[in-house]
Amino acid sequence: MIRTVCLVAFTLLASTLPARADPPTGLAERIESLRQDAGMPGMTIAIVENGKPTFVRGFGQRSLSDKTPVDARTLFMTGSTGKAITAAALAILVDEGKIKWEDRVIDHIPWFRLYDPYATREITVRDLMVHRSGLGLGAGDLLAVPRGQLSRKEAIRRLAFIKPAYSFRARYEYDNALYAVAGQLVEEVTGTTWEKFVVERIFRASGMMDGVTDEAGRLANPNRAYPHARIGTAVRGGGTQTQLPERDQPGASMAPAGLQTVSGADLAVWLQLQLARGMAPNGKRIWSERQANEMWKPVVALPVGSSPDWLKPVQAMFENYALGWNVRDYRGEKLVWHTGAVFGFGAVVVLLPERNIGFAMAINSEDGYVARGLVYELLDHYLGVPGNARWPEQYKKFYMDRIAAATKALAQPATPLAKVGPSLPLASYAQTYRDAWYGDVVVSQRDGGLWIDFTTTPRMSGRLVHYQYDTFRTVLSDPALENALVTFQLDARGKIASVKMAAASPTADFSYDYRDLDLEPVAAAK
């Protein structure tokens, strides 16, 4: 699930700025050329200008095995772009007087707990949406990623055992777990699950006729795209384009953070709904203009980092996070947007509110540089920026250089590995280890070596290969999963006191939050 940038607050009144009336000349040909160059199976894109769709099309095919062309009704998973959908669900409840943005979460979910009692007592509905809880980046994601099986309530209950990385409201750190809480809030207040509420009150009510919020609904539609990724090498993204098992998505506990599935036609309606401040193209008001403004209002400021030279022309001067949206400046214009990703899919939704223009795209692979580059290409077109920066090509080079650097770093560590260890006989490492929020990780002896099993996550197991000292590297049986470095820490008696982990690859998705595990031998924990 991908992070995005956010930005500055401006007025949300309807714009009088002139908008370009048409998509770029030759856009379809440009997209198809980029798709083929990237080896990307399929893509869908929607553009809305002045309240009307001007471009809604599919490209490529639904999968490497299913050559059926993608059309405007083909379903794509769109990841964290769905955080804005959860924000909209809560906005409806605010309109109805059932909740307020400043309500304390425990007043609606009395059993909700965080590790910090003060945060538990004070965290508000708004806090759930803006990544300032004190939790570290992606904390708790391993409960659902890569394929969790816990219920939403159980995943939320375990948040009480995750130690915060920062003080409450001290800084921005992107998380998915608290959006699960936001989804549970919908159910606690209405008696209706987040999944059903979103489909009935947002999707169908506004005219999004294809969108679904659960795996069963996605798999029931034959016109769906299938996930793909480049795997088979040490670094994900550098291997061969491979079709992934379509059921291997993050667990449904985290669905409110971004497990919805929509079509290009749905994206066009979503853009119209957003640009019209909650008024659907069918004439139904889904949420009020007041709440539309509230959802785009910047809440948490982010530090502006430096960009490489080639990206400096579009570097943000201000960055903020709102309610499920990133808000930033782009060449002097207000930009409201969010990216998203789940395994084998990527997406982005972009709004230029002052010009009444929006566009969205989704892909059924992880070649996200294509979509990111097209975002800047379309923005420059609609803002009348002269020249041809060819952003997708520049992003491709940046992406490929990053993969190459990560591959080299894994093959040739900056500090040569010490040919020392392990300190103990292999049998001594074979124990059950427990983390308070994740559960058990079991290390056993098998075929003369060690085997590791992440028991909370289905089918996440594999060999442990010695790395250096008392650190081992996982070789998970599923090549689509990110491996970890597993360090056994010994006490003064030479006994294993604890186990710490970190992702092996420098480009591993942050949702593999091995770093947050604090494992102890079960016998010692007793």
Could you pull out the closest heavy-atom pair between P23 and F55, with the gap in Å?
CG-CB, 3.9 Å
Atom pair CG (N364) and OG1 (T44), whose distance is rounded to the nearest 0.5 Å
10.0 Å
Side chain Q315, main chain D309, donor-acceptor under 3.5 Å
no
W310 vs K397 side-chain heavy atoms within contact, under 4.5 Å:
no
Value rounded to 0.5 Å, distance of CG in L90 from CH2 in W287
11.5 Å
Carboxylate-amine/guanidinium contact D95 R290, below 4.0 Å:
no
Going by heavy atoms in the side chains, are L219 and R224 under 4.5 Å from each other?
yes
Nearest heavy-atom contact between V212 and R218 is CG2-N, 3.6 Å
Distance (rounded to the nearest 0.5 Å) between D518 CG and I162 CD1
12.0 Å
Counting heavy atoms not belonging to R204, are there more than 12 under 6.0 Å from its CZ?
yes
List the steps and the verdict of salt bridge (charged side-chain N to carboxylate O under 4.0 Å, His left out) for R236 and E366.
CA-CA 9 Å; R236 189 179 181 118; E366 296 179 358; 2.8 Å; yes
NE2-OG1 distance between H338 and T78, expressed to the nearest 0.5 angstrom:
11.0 Å
L374 vs E377, test: side chain to side chain contact (heavy atoms under 4.5 Å, CB included). Steps then yes/no.
CA-CA 5 Å; L374 276 172; E377 205 159 279; 4.1 Å; yes
Hey, is E96 close enough to K98 for a salt bridge, meaning N to O under 4.0 Å?
yes
Taking all heavy atoms of W325 and all of M295, pick out the closest pair and write down the distance.
CD1-O, 3.9 Å
From CA spacing to verdict: side-chain hydrogen bond (donor to acceptor under 3.5 Å, both in side chains), Y514, E482
CA-CA 10 Å; Y514 296 122; E482 292 285 0; over 6 Å; no
Expected output: side-chain D71 to main-chain T74 donor-acceptor under 3.5 Å:
yes
Measure the shortest side-chain to side-chain distance between I286 and K284 over non-hydrogen atoms and say whether it is less than 4.5 angstrom.
yes
For I363 and V370: C-alpha separation, side-chain torsions, deciding distance, then whether side chain to side chain contact (heavy atoms under 4.5 Å, CB included) applies.
CA-CA 9 Å; I363 62 176; V370 175; 5.8 Å; no
Strictly distance-based, threshold 3.5 Å: is any side-chain N or O of R113 a donor or acceptor partner for the main-chain N or O of P110?
yes
Considering all heavy atoms of both residues, which atom of P41 and which atom of R35 are nearest to each other, and what is their separation?
O-NH1, 3.0 Å
Flag side-chain contact, heavy atom, 4.5 Å: V186 against T86
no
When rounded to the nearest 0.5 angstrom, what distance separates CZ in R355 from NZ in K334?
14.5 Å
State whether Y166 and R171 meet the cation-pi test: NZ (Lys) or CZ (Arg) under 6.0 Å from the six-membered ring centroid, and within 45° of the perpendicular axis.
yes
Between the side chain of S80 and the main-chain N/O of K83, is any donor-acceptor distance below 3.5 Å?
no
Heavy atoms, side chains only, cut-off 4.5 Å: are R121 and F168 in contact?
no
For M279, enumerate each residue passing the side chain to side chain contact (heavy atoms under 4.5 Å, CB included) test, keeping only those at least two apart in sequence or located in another chain.
A276, R285
Between the side chains of E393 and K396, is the shortest nitrogen-to-carboxylate-oxygen separation below 4.0 Å, so that they form an ion pair?
no
Apply side chain to side chain contact (heavy atoms under 4.5 Å, CB included) to the pair S511 and N176, showing each step before the final yes or no.
CA-CA 9 Å; S511 287; N176 293 299; 3.8 Å; yes
Are F398 and W391 near enough that their ring centres are under 6.0 Å apart?
no
Mark yes or no for whether D175, through its side chain, and A139, through its backbone, hold a donor-acceptor pair below 3.5 Å.
no
May I have the step-by-step check of side chain to side chain contact (heavy atoms under 4.5 Å, CB included) for D380 and R331, ending in yes or no?
CA-CA 9 Å; D380 285 353; R331 299 188 188 273; 2.8 Å; yes
Taking the side chain as everything from C-beta on, heavy atoms only, tell me whether M254 gets closer than 4.5 Å to V145.
no
Are R104 and F112 packed together at the side-chain level, in the sense that at least one heavy-atom pair is separated by less than 4.5 angstrom?
no
Within the 3.5 Å criterion, strictly below it, is a donor on Y179 or H131 matched to an acceptor on the partner's side chain?
no
Smallest separation among heavy atoms of Q184 and I156, with atom names:
CB-CD1, 3.5 Å
Are there over 12 heavy-atom neighbours, none belonging to R515, within less than 6.0 Å of that residue's CZ?
yes
For T213 and W194, test the side chains for any donor-to-acceptor distance below 3.5 angstrom and give the result as yes or no.
no
Answer whether the closest heavy-atom distance between the side chains of L142 and W437 falls below 4.5 Å.
yes
Between CD of E173 and OG of S133, what distance do you get to the nearest 0.5 Å?
9.5 Å
Test side chain to side chain donor-acceptor pair (under 3.5 Å) applied to Y438 and D513, D516, T457, the passing residue:
T457
Counting distance only, does the side-chain N/O of Q249 pair as donor-acceptor with the main-chain N or O of F343 below 3.5 Å?
yes
Report yes if the distance between the aromatic ring centroids of Y376 and Y330 is under 6.0 Å, otherwise no.
yes
Does a sphere of radius 6.0 Å around CE in M317 hold more than 12 heavy atoms from other residues, nucleotides or ligands, not counting ones at 6.0 Å or beyond?
no
Where is the tightest heavy-atom contact between A316 and V304, given as atom of each residue plus distance?
O-CG1, 3.1 Å
Step by step, would you call E187 with K153 a salt bridge (charged side-chain N to carboxylate O under 4.0 Å, His left out)?
CA-CA 11 Å; E187 182 172 350; K153 282 190 174 182; 5.6 Å; no
